[in-house]
Amino acid sequence: MTDIFEAIQKTAKRIKKAIDVKDIGYSQQANASGETQLQLDIKCDMIIEEEFSQVASIHTIASEEKEKEMLLHEDGKYFIAYDPLDGSSLVDVNLSVGSIFGIYENAFGAKNMVASCYVVFGPRVEMVFAHNKTKLHLLQGEDFEFVKEIHLDEKGKLNAPGGTQKNWTPYHKEMIDGLFGEGYRLRYSGGMVPDLHQILLKGGGLFSYPATSDLPKGKLRKLFEVFPFAFIYATAGGEAIDGRVDLMELGYEHIHDTSPCFFGSKYEINRVKEVYARNT
Ligand code: F6P
């Protein structure tokens, strides 16, 4: 696992340099989810593929930017699904973005996840790696330095509600409004990595991306976004569900499958469970 951890650190330093360059035009290609790919997305994907190709323990990779999985080393045991630059369209308005990595043993699938990691590219570059514990590292010059372990409180103060509000169900809207009524503060940038990072580091709250009338299976991708963050939140003492079921209990059929998702501390997730049990 150390070799993977080190390879991710290398990719983070190279991606940081790629983000800093001003050419961020669109390519002519669309990714597997139908979004037009930024040249930067493609470049970050290439960087990760190059670094992971040099790690013998990695068997197969799957990228949010690639249609299919790619075999790297027959004898490796790890399967890594990654989103090279989540929220990349936020780069041109200079908001934070991130890379997400789900590390699976022997095959993809939540039940096989053994570690998970994300890197936030903001005013600083930070990396959160969850294995047995969830740990924060900060890029200082050329090296990542350990900062602290991350633990979620029982109840937080932040509310990050994703999806187009006019397409929410009435009970979802009532639940979100209810939290605001209790004093929760709105924090939503449109970048999953910085939004979930903020909730983690500020002790707790709720990030939601529900099923909506236009996206009945949600928007966020199981292997690249949902499972990795579910693992990180659970390891940090929080919870992650699809409304009713623990996200880590879900299967997947296709590598680009999506799921509604809710990440938070215990109090907010219990609220989601109550509301969704009554209405679904
Ligand atoms: O995966 C894409 C993404 O940009 C996430 O980073 C983010 O949480 C979400 O989409 C935002 O979606 P919306 O604009 O529909 O709230």
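Just follow the structure's listing: the first ligand is 1, and inside any ligand the first atom is 1. Computed from a predicted structure; not experimentally measured. All residue numbers in this chain count up from 1 along the given sequence. Heavy atoms only: backbone and side chains are in, while hydrogens, waters and symmetry mates are out.
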Atoms of ligand 1, numbered as shown, that sit under 4.0 Å from any heavy atom of Leu220: 1 (O), 5 (C)

Evaluation steps, side-chain contact (heavy atoms from CB on, under 4.5 Å), between Arg124 and Leu138: CA-CA 8 Å; Arg124 294 170 173 168; Leu138 171 67; 3.7 Å; yes

For ligand 1, the portion of Phe224 having any non-hydrogen atom under 4.0 Å away: neither

Ligand 1 atoms in contact with Asp86 (distance to a heavy atom under 4.0 Å): 1 (O), 2 (C), 5 (C), 6 (O)

Of the listed options Ala160, Ser189, Gly190, Gly87, closest to atom 7 (C) of ligand 1 (non-hydrogen atoms): Gly190

Expected output: side-chain Thr11 to main-chain Ile48 donor-acceptor under 3.5 Å: no

Tyr188 neighbourhood, listing ligand 1 atoms whose heavy-atom distance to it stays under 4.0 Å: 11 (C), 12 (O), 13 (P), 16 (O)

Check: Tyr267 main-chain N/O paired with Ser265 side-chain donor or acceptor under 3.5 Å: no

Any Glu64 heavy atom less than 4.0 Å from ligand 1: no

Identify every side-chain donor-acceptor pair in residues 99-110 under 3.5 Å, counting partners at least two apart or on other chains, and give the distances.
unit_1, atom_1, unit_2, atom_2, d
Ser99, OG, Pro84, O, 2.6
Tyr104, OH, Leu223, O, 3.2

Of Phe52, Tyr78, Phe79, the residue whose pairing with His59 passes ring-ring contact (aromatic ring centres under 6.0 Å, His included): Phe79

Test of proximity, Met192 against ligand 1: N or O pairs below 3.5 Å: yes

Numbered atoms and elements of ligand 1 in range of Glu225, under 4.0 angstrom, heavy atoms: 1 (O), 2 (C)

Parallel, tilted or perpendicular, as decided by the 30° and 60° cut-offs, for the rings of His256 and Phe224: tilted

Which side-chain N or O atoms in residues 233-247 pair as donor and acceptor under 3.5 Å with protein atoms at least two apart or in another chain?
unit_1, atom_1, unit_2, atom_2, d
Tyr233, OH, Leu196, O, 2.8
Thr235, OG1, Phe231, O, 2.6
Glu239, OE1, Lys273, NZ, 2.8
Asp242, OD1, Arg244, N, 3.0
Asp242, OD1, Val245, N, 2.7
Arg244, NE, Thr280, OG1, 2.8
Arg244, NH2, Ala277, O, 3.4
Arg244, NH2, Thr280, O, 2.6
Asp246, OD1, Met248, N, 2.9

Residue from Tyr209, Tyr276, Phe207 passing ring-ring contact (aromatic ring centres under 6.0 Å, His included) with Phe262: Tyr276

Atoms in ligand 1 flagged as close to Gly163, the criterion being non-hydrogen separation under 4.0 Å: 16 (O)

Ligand-side contact atoms (ligand 1) for residue partner Arg221, heavy atom cut-off under 4.0 Å: 1 (O), 2 (C)

Residue Phe207 vicinity, atoms of ligand 1 by number, heavy atom under 4.0 Å: 8 (O)

